[in-house]
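See below for the structure under consideration.
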Amino acid sequence: MSEKNLTGLDEIVSLSKARGFIFQSSEVYGGLAAVYDYGPLGVELKRNIQANWWKAMTQAHDNIVGVDAAIFMHPKVWEASGHVEGFNDPMIDDKQSKKRYRADMLIEQHILKLREKGKDEKADDLQQQLDTTGTRKGLCEDLYDIIMAEEIKSPDSGAFDWTEVRQFNLMFKTHYGATSKDDDDIIYLRPETAQGIFVNYKNVLDTARVQVPFGIAQVGKAFRNEVVARQFVFRMREFEQMEMQYFVEPGTDEEQYDAWLNKRMAWHKSLGIREKNLRVAPHPDDKLAHYARAAADIQFKFPIGWQEVEGIHNRTDFDLSRHQEYSGKKMEYFDQREQKRYIPYVIETSIGLDRCTLMVLCDSYREEEVDGDTRTVLKMHPKLAPVKAGIFPLVKKPELQELARKIEAELKEDYTVQYDESGSIGKRYRRLDEAGTPFCITVDFDGLEDNTVTIRYRDDMRQERVSVDKLDAVMRDGMKNWKSPLD
RNA sequence: GCGGGAAUAGCUCAGAGGUAGAGCAUCACCUUGCCAAGGUGAGGGUCGCGGGUUCGACUCCCGUUUCCCGCUCCA
């Protein structure tokens with residue numbers, strides 16, 4: 001059986017639309033950039049992944065609990081977290097070299113040069129102007145005016161060919177309150193779900209009878225005004241995170257970090273993702289985020305290259321300390337046994353649900369040659385499949401329809417199933433191959449005599465004769481013992 | 001954000017200054033005894049959107065939106 005490798009996301013995008021996994025948002029109005037909607041198959045797949053994660057993180061551990069925090073949060077949260085400060089840089093682009101600079105840094109360098117040349121008076125004047133930016137026309141305009149007036153040139157190209165100054169704030173703003181229009185009433189759509197966990201850390205500690213080390217898990221939407229949002233659902237402006245923050249005693253954080261990195265990698269494999277397409281990529285120390293002591297990505301080999309699906313971070317006590325500072329509320333944990341007090345360190349596991357869904361689609365997508373014909377099939381783990389079984393009468397005869405409907409009604413109790421009697425039997429098999437459906441059940445006339453049906457497997461198209469009573473058990477086994485087809 | 005390319009039916013695409021086609025998909029009826037290709041028919045597009053040129057624009061020009069590739073950016 002020969003196969004074609006994906007060379008880009010095109011096939012996935014087409015299939016997603018044609019079969020109803022993922023659509024572009026507001027398509028009838030021309031689409032909204034970097035926003036996507038999940039269709040009937042997509043929502044099932046996504047929810048299955050989410051449910052699997054939730055179970056693996058909460059149910060499977062006795063010291064991890066869940067929360068569901070609101071998207072809106074007090075604006076001070078984002079001051080404490082560092083997002084307000086960190087996302088407000090005014091940037092300017094050199095049109096010649098295509099390089100981007102922080103506008104205020106350009107001016108500061110220029111001032112330094114002036115001082116080197118002994119033009120202190122001029123430098124003082126500029127410094128004064130720089131210190132008062134935002135008081136004349138506006139932050140960006142004031143900076144731009146200085147650069148224009150001083151004819152500051154690009155450090156790289158020496159060109160004087162600038163775009164205007166723009167602010168890249170990655171947080172979405174909105175107004176809180178129906179009549180609000182003042183800047184005072186601005187709140188943000190959360191750029192990460194983690195803060196919803198940190199601000200509830202005390203509540204959980206006080207109510208859930210947990211002791212360090214313990215974890216809080218959450219699934220929810222987050223929003224970022226990415227400068228470049230692209231590549232289908234890989235980088236979206238509205239996306240869903242599945243996060244777990246694990247609170248540990250300082251000093252044990254490195255060990256816990258390693259442990260969680262391993263556990264999370266194991267989870268990805270448990271989804272049936274092929275090992276050759278997974279890897280861990282540690283962040284070099286100089287690339288670490290402001291809050292992190294150590295960080296690594298779990299990456300998947302997408303058709304567009306190795307890309308991050310999940311991040312594991314040692315966030316230290318940065319977040320809790322900052323919230324203690326900004327809120328004035330104690331974030332310490334008191335260890336009764338050791339009689340000591342400390343602010344816990346936090347190990348974060350943060351995975352993009354949309355990226356994970358895309359990963360499953362990419363990893364399972366196959367185009368196979370079958371008798372000179374191309375079969376498109378999604379060989380995903382059966383437990384993730386949007387539709388678990390197709391149920392077909394071999395031909396459209398009332399007796400067969402009746403038994404097929406009866407089987408459908410029974411299986412419906414526990415599985416998502418699809419009844420189909422249109423077209424040839426082969427066509428129906430192939431149709432569900434594209435939806436990743438692991439089992440197809442076909443009712444024929446022999447079966448009316450001995451209460452048996454044919455079950456056909458998606459991965460190898462193998463067929464088996466089974467008793468109707470055993471269907472549930474056969475499917476259960478098939479799901480439990482499934483192994484990713486090697487290629 | 002910059003540079004380049006693209007946008008025609010649900011999907012993949014052809015076409016062309018005189019108001020659009022194919023394959024697949026969808027639906028109906030017939031057929032069909034286990035791997036997409038049987039028969040008959042049907043639905044579906046103001047050719048991304050807005051302007052302009054023209055007797056006439058899907059086609060030419062301008063703008064805009066969206067997507068793709070590269071750069072840039074990326075908590």
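Residue numbers start from 1 in every chain, and the chains themselves are labelled A, B, ... in the order their sequence lines are given, proteins ahead of strands.
- Here the separation of B:C30 from B:C49, taken at their C1' atoms, is 44 Å to the nearest Å.
- A 3.5 Å limit on both hydrogen-bonding distances identifies B:G41 as the Watson-Crick or G-U partner of B:C27.
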Exercise. Decide side-chain hydrogen bond (donor to acceptor under 3.5 Å, both in side chains) for A:Trp482 and A:Asp459; before the verdict, give the C-alpha distance in whole Å, the side-chain angles of both, and the deciding distance to 0.1 Å.
Key: CA-CA 10 Å; A:Trp482 184 83; A:Asp459 293 344; 2.7 Å; yes
Scan nucleotides 37-48 of chain B against the protein and return all N/O pairs shorter than 3.5 Å with their distances rounded to 0.1 Å.
| residue | atom | partner | partner atom | Å |
| --- | --- | --- | --- | --- |
| B:A37 | OP2 | A:Ser424 | OG | 2.4 |

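- Here B:U31 is the nucleotide among B:C67, B:U31, B:G33 with the atom lying nearest to any side-chain atom of A:Lys396.
- A cation-pi geometry, defined here as NZ or CZ lying under 6.0 Å from the six-membered ring centre and within 45° of its normal, does not hold between A:Arg456 and A:Phe439.
- No hydrogens or angles were tested; on distance alone, a donor-acceptor pair under 3.5 Å links the side chain of A:Arg456 to the base of B:C35.
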Quiz prompt | Contact letters for nucleotides 6-14 of chain B, in which S counts primed atoms plus P, OP1 and OP2 and B counts the base, heavy atoms under 4.0 Å | solution = ----SSS--
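- Salt bridge status for A:Arg430 with A:Asp373: present, with a side-chain N to carboxylate O gap under 4.0 Å.
- Side-chain contact of A:Thr376 with A:Glu367: a donor-acceptor pair under 3.5 Å is absent, judged by distance alone.
- Using Watson-Crick or G-U wobble geometry with both donor-acceptor distances under 3.5 Å, B:G1 finds its partner in B:C71.
- Going from the P atom of B:A6 to that of B:A25 covers 30 Å, rounded to whole Å.
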Show which side-chain atoms of residues 343-362 of chain A pair as donor or acceptor with protein atoms under 3.5 Å away, not counting sequence neighbours.
| residue | atom | partner | partner atom | Å |
| --- | --- | --- | --- | --- |
| A:Glu348 | OE1 | A:His313 | ND1 | 3.2 |
| A:Glu348 | OE2 | A:Gln245 | NE2 | 2.9 |
| A:Glu348 | OE2 | A:Arg315 | NH1 | 2.5 |
| A:Ser350 | OG | A:Glu243 | OE2 | 2.9 |
| A:Asp354 | OD1 | A:Tyr38 | OH | 2.6 |
| A:Asp354 | OD2 | A:Glu240 | N | 2.7 |
| A:Arg355 | NE | A:Phe234 | O | 2.8 |
| A:Arg355 | NH1 | A:Glu308 | O | 3.0 |
| A:Arg355 | NH2 | A:Phe234 | O | 3.4 |
| A:Thr357 | OG1 | A:Leu353 | O | 2.8 |

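- Straight-line distance from the CG atom of A:Leu394 to the P atom of B:C35: 10 Å, rounded to whole Å.
- A donor-acceptor contact under 3.5 angstrom links the side chains of A:Tyr457 and A:Glu464, judged on distance only.
- Pairing for B:A7 goes to B:U65, judged as Watson-Crick or G-U wobble with the two contacts each under 3.5 Å.
- Counting to the nearest Å, the P atom of B:A25 and the CZ atom of A:Arg428 are 14 Å from each other.
- With distances taken from any side-chain atom of A:Ala33 to the nucleotides B:C35, B:C67, B:G33, the minimum falls on B:C67.
- Of the candidates B:U66, B:C27, B:C35, the closest approach to any side-chain atom of A:Gln463 belongs to B:C35.
- Rounded to whole angstrom, the span from the CE atom of A:Met461 across to the C1' atom of B:A36 amounts to 12 Å.
- A side-chain donor-acceptor contact under 3.5 Å links A:His323 and A:Gln195.
- Rounded to the nearest Å, the gap between the C1' atom of B:C61 and that of B:C2 is 24 Å.
- Side-chain proximity of A:Gln231 to B:C35, B:G33, B:C69: nearest is B:C69.
- Straight-line distance between the C1' atoms of B:A9 and B:G45: roughly 5 Å, to the nearest whole Å.
- Judged by distance alone, the side chains of A:Thr452 and A:Arg465 do bring a donor and an acceptor atom under 3.5 Å apart.
- Across the P atoms, B:G18 and B:U59 are found 11 Å apart, a figure rounded to whole Å.
- When each of A:Leu32 and A:Val395 is assigned the nucleotide of RNA chain B with its nearest heavy atom, A:Val395 is the one assigned upstream, toward the 5' end.
- Inspection of the A:Gln401 and A:Glu421 side chains reveals an N or O donor paired with an N or O acceptor under 3.5 Å.
- Remark: P of B:A25 and CZ of A:Phe21 are 18 Å apart, rounded to the nearest angstrom.
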Quiz prompt | Test log, rule side-chain hydrogen bond (donor to acceptor under 3.5 Å, both in side chains), inputs A:Ser422 and A:Asp420 | solution = CA-CA 6 Å; A:Ser422 79; A:Asp420 190 357; 3.3 Å; yes
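- Residue contacts for A:Ala194: at a heavy-atom cut-off of 4.0 Å it reaches no nucleic acid atom on any strand shown.
- Proximity of the aromatic rings of A:Tyr246 and A:Trp260 is defined here by a centroid distance below 6.0 angstrom, and this criterion is met.
- Rounded to whole Å, the distance from CG on A:Leu41 to P on B:A25 is 17 Å.
- Of the side-chain N and O atoms in A:Arg431, one or more sit less than 4.0 angstrom from OP1 or OP2 of B:U26.
- To the nearest whole angstrom, the two C1' atoms, one in B:C73 and one in B:G1, are 10 Å apart.
- Taking for each of A:Glu434 and A:Phe445 the nucleotide of RNA chain B with the nearest heavy atom, the 5'-most of the two is the partner of A:Phe445.
- One atom, CG of A:Leu432, and another, P of B:A25, lie 14 Å apart when rounded to the nearest Å.
- In this structure, CG of A:Leu400 is placed 13 Å from P of B:C34, rounded to the nearest angstrom.
- Within the 6.0 Å centre-distance limit, the rings of A:Phe392 and A:Tyr429 are counted as a close aromatic pair.
- Base pairing analysis places B:A22 opposite B:U12; the two distances defining the Watson-Crick or G-U wobble pair are each below 3.5 Å.
- For the C1' atom pair drawn from B:G41 and B:U46, the interatomic distance equals 27 Å after rounding to whole Å.
- For the pair A:Glu421 CD and B:C27 P, the computed distance is 11 Å after rounding to whole Å.
- Considering only side-chain atoms of A:Asp444, the nucleotide from B:A36, B:A75, B:C34 that sits closest is B:C34.
- Between B:C58 and B:C71, the distance separating the two P atoms is 38 Å to the nearest Å.
- Counting atom types as modelled, A:His83 pairs a side-chain N or O with a base atom of B:A75 as donor and acceptor under 3.5 Å.
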